[in-house]
Every structure is written in C-alpha cells, then in structure tokens.
Protein chains: 2
Amino acid sequence: MRNTIGEVAKKFNLNISTLRYYDKEGLIPNLEKNESGIRIFDEEAVSALIAIECLKKSGMSIKDIKTFIDWCQEGDETLKERLEMFLARREALQSQIKELESTLNYIEYKVEYYTKAVTDGTEKMVKETMSNPRLLNLQ
Amino acid sequence: MRNTIGEVAKKFNLNISTLRYYDKEGLIPNLEKNESGIRIFDEEAVSALIAIECLKKSGMSIKDIKTFIDWCQEGDETLKERLEMFLARREALQSQIKELESTLNYIEYKVEYYTKAVTDGTEKMVKETMSNPRLLNLQ
DNA sequence: CATAGACATAGACCTAACTTTAGGTTTAGG
DNA sequence: CCTAAACCTAAAGTTAGGTCTATGTCTATG
C-alpha cells in the first residue's frame with residue numbers, strides 16, 4: 001500500500017488540497033516523502049485518515065483531532081486522555097443522534113401535513129385539523 | 001405573546017444579533033415593528049423561529065430555509081415544492097442518523113480499546129489482540 | 001526524449017453563519 | 001426627569017475548514 005496523494009484523495013473522496021491541508025496541520029504524522037518531495041501514504045497514514053474522517057463525522061474540530069493525533073504520538077502517557085476524549089465523543093454522538101431523531105419527528109409531521117395539503121389542493125383544512133406537535137419539543 | 005428581541009433571544013438561546021441577522025435575511029416574514037422601529041415578535045414570528053431552528057438542525061442552509069419561508073408566503077401554489085422539500089429533508093436526516101450510528105460504532109470500539117489499554121497501562125497488548133472493525137466501514 | 005499529467009509550495013481567496021463595532025435612539029424604573 | 005439598560009442600523013470583522021492560483025518540478029509513456 002504506497003499511495004500517492006491523488007489516489008488517496010480519490011479513495012477517501014477528499015480534495016487533494018484538503019489532504020495537503022491536513023498534512024500541513026499535522027494530522028498525518030510520519031507522512032513519508034520521497035527524495036523529490038512527493039508524499040507517499042503508507043498504511044499508517046491511511047489509518048490516520050480513517051480516524052480523521054471518523055472523528056470529523058463525530059463533530060470534532062480539526063484542532064481537537066490534532067490534539068488526539070499528538071497524544072497518539074506521545075505514547076502510553078496519554079492513554080487516559082484519549083479514553084476520556086472517546087467517552088466524551090460517545091456522549092456527544094448519542095445526544096446528537098437523539099436530537100436528530102426528534103428533528104426527524106418534526107419533519108415527519110410536516111411530511112404528513114403537506115401530503116394532506118397537496119391532496120386537498122390547499123393548506124386551509126389541514127391547518128385547522130392537524131394538531132401541531134412542535135410545541136412539545138420546543139416550548 | 002408580544003416578545004421583544006431580547007426575550008426571544010433568551011427563549012431560543014440565540015444571540016440577539018443572530019435574530020436581527022435572520023430578520024435581515026428575510027427568515028421572519030411579517031415581523032412587526034412599533035412606531036420607533038423596535039421589533040415585536042408575535043406568535044407568527046415565534047413559530048417561524050421554531051421552524052427555522054428545526055430546519056437548521058436538519059442540516060439546511062439559511063439560504064434554503066429562506067426559500068421555504070418564501071414558499072410559505074406564496075400560498076397554495078407552492079404546496080408541492082414544500083412537500084418535496086420535506087421529503088428530501090427526511091431522506092437526508094435518515095441517512096445522517098445512519099452515518100452517526102456507524103460513527104458511534106467506531107467510537108465505541110475505541111472506548112473499549114482504550115479502556116483496556118488504560119487498565120493494562122499500555123497500548124501494546126490491546127493493539128495486538130483487538131481486531132479493528134474500521135475496515136468494515138471504510139475500506 | 002518530449003510532454004502531458006501529476007506532483008510540489010506559498011500564500012491568497014472563499015463561504016457560511018454569525019458576531020462585533022460604532023454611533024445613535026427608546027424606554028422603563030427609581 | 002434622569003439614566004442605565006435595551007433597542008436600532010450599517011458595515012466591518014471573525015472563524016472554520018477548506019479551495020484556488022501562480023509558479024515551478026517530476027515522472028510515466030508513446
């Protein structure tokens with residue numbers, strides 16, 4: 001596995017510039033370069049990218065991902081910090097999911113609402129007959 | 001219900017400037033002002049804000065929210081567009097939730113991993129013995 | 001062995017969604 | 001009636017996370 005930046009960009013569906021930006025920010029530790037300066041993404045670099053993508057999806061900022069990557073480089077000293085970070089991430093994700101589910105609920109109400117309205121050809125009747133669940137969530 | 005901007009900001013946990021910005025962008029249709037230019041948020045304005053917050057949480061941009069708000073002002077002509085928008089939002093939310101769940105999975109693996117590592121006092125053993133589920137998702 | 005296509009760097013630019021600033025007006029309470 | 005707190009506008013500034021540009025070097029292939 002000795003990928004060039006273009007190949008990796010394609011695999012991860014990231015812009016080449018984004019990969020260079022991540023490298024500049026220090027998110028890809030020990031990224032090799034050949035004699036003429038061309039980046040070679042080995043297995044370690046690729047698994048860093050996998051972690052980066054996942055942490056990004058979990059809502060972490062680039063800066064905090066960088067902190068994590070640095071901890072990984074520092075070795076066993078930082079195991080506790082890393083565990084705590086993942087515990088916090090888990091919490092964050094769980095509440096994000098809950099919030100999205102409640103948002104989905106509102107959206108589903110709206111789908112129902114507008115399905116009826118489209119059938120009727122007007123919003124009038126639906127407006128009067130459908131009780132709105134919004135207030136349960138938001139007020 | 002005749003709220004000033006400060007009261008509404010507190011209720012929705014938004015910055016006052018954010019509310020003025022939403023108003024400027026046309027997200028709060030028919031927002032009343034008194035003789036001296038002070039905004040008065042009536043029930044209609046508040047329910048616009050409820051919708052805005054929800055659509056924001058579903059990942060919609062301000063610009064797209066504005067489009068929706070405009071459709072609402074245009075009346076029954078745009079019922080179909082609105083229904084289609086909510087159907088698309090529902091899709092988007094559902095796949096967002098799925099993605100977060102799969103991310104949570106990875107995070108949970110990491111929690112296990114680091115819990116063991118912290119117990120051991122080192123990453124060495126865990127690194128060798130725990131199979132990594134990352135590749136299932138990402139390669 | 002020429003050359004198109006992929007790579008490099010530094011630094012400027014972009015976008016969304018606010019947030020802050022400057023300078024001024026309104027209003028509620030003691 | 002004074003004044004602090006809350007409101008106003010217009011416009012500049014901020015932040016994150018890229019993305020693009022200019023300019024130049026490398027390299028794979030016909």
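These numbers were taken from a predicted model, which means no experiment stands behind them. Letters A, B, ... are given to chains in the order of the sequence lines, protein chains preceding strands, and every chain is numbered from 1.
Regarding A:I40, its CD1 atom lies at a distance of 14 Å from the C1' atom of C:dA6, rounded to whole Å. Here D:dC26 presents its P atom at 15 Å from CZ of A:R39, a figure rounded to the nearest Å. The CG-P distance, from B:L19 to D:dT9, rounds to 12 Å in whole Å. Put simply, CG on A:L55 is 16 Å from C1' on D:dG17, counting in whole angstrom units. Between the CD1 atom of A:I16 and the P atom of C:dG5 there is a distance of 14 Å, given to the nearest Å. In this entry the distance linking CG of B:D23 with P of D:dC7 reads 14 Å, nearest Å. One atom, CD of B:E25, and another, P of D:dT9, lie 14 Å apart when rounded to the nearest Å. In this structure, CZ of A:F12 is placed 14 Å from P of D:dG18, rounded to the nearest angstrom.
Annotation: salt bridge (charged side-chain N to carboxylate O under 4.0 Å, His left out) contacts involving residues 16-38 of chain A, sequence neighbours excluded, comprise A:R2-A:E32, A:D23-A:R39.
Regarding contacts with the backbone of D:dT9, a side-chain N or O of B:K33 is found under 4.0 angstrom from either OP1 or OP2.
More than 12 non-hydrogen atoms from other residues, nucleotides or ligands lie less than 6.0 angstrom from CD of A:E74. Crowding of A:N13 atom CG: a count of heavy atoms from other residues, nucleotides or ligands under 6.0 Å not exceeding 12.
Separating the CD1 atom in A:I50 from the OG atom in A:S47 is a distance of 6.0 Å, to the nearest 0.5 Å. Here the CD-CD1 distance, from A:Q96 to B:I97, works out to 11.0 Å after rounding to the nearest 0.5 Å.
Partners of A:T119 under the side chain to side chain contact (heavy atoms under 4.5 Å, CB included) rule, at least two apart in sequence or in another chain, do not exist in this structure. Taking A:K127 as the reference, nothing meets the salt bridge (Lys or Arg N to Asp or Glu O under 4.0 Å) condition, with sequence neighbours excluded.
Hydrophobic clustering places B:L55 together with B:W71 (ILVMFWY residues linked when any side-chain heavy atoms are closer than 4.5 Å, directly or through intermediates).
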Pairs of donor and acceptor atoms involving the side chains of residues 81-90 of chain A, under 3.5 Å and at least two apart or interchain, shall be tabulated with distances.
unit_1	atom_1	unit_2	atom_2	d
A:R82	NE	A:T78	OG1	3.1
A:R82	NH1	B:Y114	OH	3.0
A:R82	NH1	B:E123	OE1	3.3
A:R82	NH2	A:G75	O	2.9
A:R82	NH2	A:T78	OG1	3.3
A:R89	NH1	A:S58	O	2.6
A:R89	NH1	A:S58	OG	3.4

Next item on the list: Using a 4.0 Å heavy-atom cut-off, write out nucleotides 16-28 of chain C from 5' to 3' as B (base contacted by protein), S (sugar-phosphate only) or - (no contact).
Entry: -BBBB-----SS-
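Nucleotide D:dG30 forms a Watson-Crick or G-U wobble pair with C:dC1, both donor-acceptor distances falling under 3.5 Å.
Within residues 88-97 of chain B, no residue approaches DNA chain C, by heavy-atom distance under 4.0 Å.
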